[in-house]
Amino acid sequence: MRALQAEGVKTIFGYPGGTIMPVYDALFDYTRGEKKCFDHILVRHEQAATHAAEGYARVSGKVGVALVTSGPGVTNTLTGIADAMLDSTPIVVIAGQVPITALGTDAFQEVDLVGVSQPISKWSYQIRRAEDVAWAVSRAFYIARTGRPGPVVLDFAKNAQTEEIDWEPRKVDFVRSYVPYPKLDEEAVRQAAELINNAKRPLALVGQGVELGNAQEELKAFLEKADIPAGRTMLGLSALPSNHPLNVGMLGMHGNYAVNLKEQKCDVLIAIGMRFSDRVTGNTKTYAKQAKIIHLDIDRSEIDKCVKTDVAVVADCKESLPALTALLDSNDHTEWRESFKELDEKERTKVIEPAIHPKEGPLLMGEVVNAVAEQAEDDAVLVTDVGQNQLFATRYFKYHHKRSLCTSGGLGTMGYGMPAAIGATFAAKRIEERGERRDRQVCCFMGDGGFQMCIEELGTIMEQKAPVKMILMNNHYLGNVRQWQDMFWMRRKSFTKMLNPRYELIAQGYGIPYQAVTDRKDLAAAVERMLTTDGPFILECAIKEDDDVLPMTPPGMNVDDMMLEI
């Protein structure tokens with residue numbers, strides 16, 4: 001407890017069990033009375049503890065903490081650990097373990113946690129002695145939050161939990177062979193600046209690295225000085241406000257039409273804190289071959305991993321962006337930026353307007369997201385599950401404030417949404433505005449599939465009165481898989497149709513306010529009721545069964561093969 005205090009921990013998401021019981025017994029005194037310094041959130045499943053820790057970390061910028069027991073308790077966290085690794089989310093998972101005298105004996109609830117978690121974590125370590133606790137905890141937090149953030153796992157043997165030692169605080173701020181912040185190469189910066197200064201059609205690709213590096217203002221200064229249009233990856237959407245004049249939309253398979261096609265027309269492409277995911281590049285053999293590519297990233301292993309670069313600037317973007325901006329000429333690329341507008345208008349006419357303002361028929365996901373976005377506060381946090389709900393929500397929500405998006409990008413974890421939203425509500429507290437305390441709204445979009453993968457966390461929401469606004473977009477299908485089956489598998493809908501429960505009765509059982517919407521004339525009023533109701537709310541929307549996400553670049557195809565219609 002003292003080691004966690006020293007790291008500034010305020011909130012812990014967890015689930016007790018046999019081998020972590022000594023820690024939970026100590027935690028008892030630190031959650032009440034004069035010693036109180038932690039809020040412990042009892043989740044209903046250990047996977048939810050990790051996703052809640054992720055949501056907390058993504059919105060707060062701090063390290064999320066999950067506390068669980070051994071065996072199935074900790075194996076249940078592995079999906080969340082892998083999710084955090086792929087999305088560079090700083091969390092520390094502390095798990096109980098059998099005593100060291102029982103290791104290797106197949107003792108009750110023993111599992112080789114270090115062995116199974118090493119490939120999917122930034123660091124995994126087994127604490128075998130009480131004297132190592134303070135050091136291990138400090139080292140874990142240092143590794144989790146520095147450089148490219150990520151998950152750290154501590155495997156805490158039960159004997160180390162019960163041994164007695166004199167407390168000696170430790171502060172780890174150096175690990176041999178670990179260089180979290182590479183030294184900026186000034187020659188690389190000069191070469192990058194020269195390419196940008198000579199560019200006629202520059203294009204920036206903004207990733208989550210800008211958010212992780214807290215470099216949102218540095219990004220704007222960079223873009224504005226050189227007048228560079230910028231596309232954003234899904235995880236980088238709130239790094240640049242939606243209404244910024246240089247924002248040209250979302251990259252990727254279901255991103256915006258103009259920016260994806262213009263990747264194949266630009267002469268200099270500047271990637272900032274992004275990893276050239278296959279969902280962004282499509283076929284890498286044809287991707288941006290006409291362009292000089294500059295890659296700014298803190299992680300050297302990302303350079304040339306997917307796309308060959310011409311200039312690599314390996315450093316924290318909080319440092320590299322200002323250094324690059326200082327060498328840039330003030331520029332004007334009005335003609336290049338104007339060339340996006342015809343393509344934008346084509347997408348607006350063919351895709352966006354029909355999606356958010358349909359004239360007839362069942363409700364569409366796009367119009368539901370748009371209805372919420374129009375009424376939500378400017379600094380609202382968007383949380384999504386995975387699938388069509390994620391793709392529609394990220395496309396049509398509005399981003400005005402940094403750290404406004406929690407979604408599972410790299411792993412694509414169904415069941416992520418609800419627990420991540422719970423974590424986000426604890427991070428979104430205590431915003432001071434005009435001398436008054438105000439919490440950021442947390443809007444969580446889920447499909448009927450993802451909702452049922454984490455439905456037990458309604459118990460956590462009930463207990464904590466967590467003000468999660470849950471928008472359940474119910475189309476009675478695993479919608480994204482159904483869309484692919486229709487497009488690529490001759491409409492053979494193999495096990496994607498879902499028989500769903502009566503969600504109003506489930507909401508009633510948990511004491512959570514609920515409303516169903518089947519007609520668009522009732523949508524705006526229902527959204528208003530949801531957003532103005534104190535505490536949690538479930539808004540179920542009856543969605544057209546075959547509502548498809550567009551545009552779309554078919555998997556493995558070229559970026560400029562993006563389809564506006566099926």
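Because only heavy atoms are used, hydrogens play no part in the values below, and waters and symmetry mates are left out as well, while side chains stay in. Just so it is clear, the model here is predicted, and its values are computed rather than measured.
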Does the side chain of [X] pick up a donor-acceptor pair with the side chain of [Y] at under 3.5 Å?
| X | Y | value |
| --- | --- | --- |
| Asn283 | Asn558 | yes |
| Asn256 | Glu347 | yes |
| Lys62 | Thr11 | no |
| Arg275 | Thr233 | no |

Salt-bridge test for [X] and [Y]: reply yes if a basic N is under 4.0 Å from a carboxylate O, no otherwise.
| X | Y | result |
| --- | --- | --- |
| Glu211 | Arg403 | no |
| Arg190 | Glu186 | no |
| Glu217 | Lys220 | yes |

[X] side chain vs [Y] backbone, donor-acceptor pair below 3.5 Å:
| X | Y | result |
| --- | --- | --- |
| Lys122 | Arg148 | yes |
| Gln290 | Cys266 | yes |
| Asp227 | His333 | yes |
| Arg201 | Val268 | no |
| Lys225 | Thr325 | yes |
| Asn260 | Gly252 | yes |
| Asp297 | Glu302 | no |

Do [X] and [Y] have side chains that get closer than 4.5 Å, going by heavy atoms?
| X | Y | answer |
| --- | --- | --- |
| Phe426 | Gln464 | yes |
| Gln441 | Lys469 | no |
| Met470 | Ile461 | yes |
| Ile91 | Phe13 | no |
| Met530 | Ile471 | yes |
| Phe392 | Val368 | no |
| Lys350 | Tyr257 | no |
| Leu550 | Met562 | no |

Test applied, side chain to side chain contact (heavy atoms under 4.5 Å, CB included); reference residue, Ile270; option that passes from Leu205, Ile294, Val311, Leu203: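 The passing option is Ile294.
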
In terms of ring plane angle, is the pair Trp336 and Phe340 parallel, tilted or perpendicular, where the classes change at 30° and 60°?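 Judged by the thresholds at 30° and 60°, the geometry between Trp336 and Phe340 is perpendicular.
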
Let me know which of Thr89, Asp83, Thr384 forms a side chain to side chain donor-acceptor pair (under 3.5 Å) with Ser408.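 Of all the options given, the one that passes is Asp83.
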
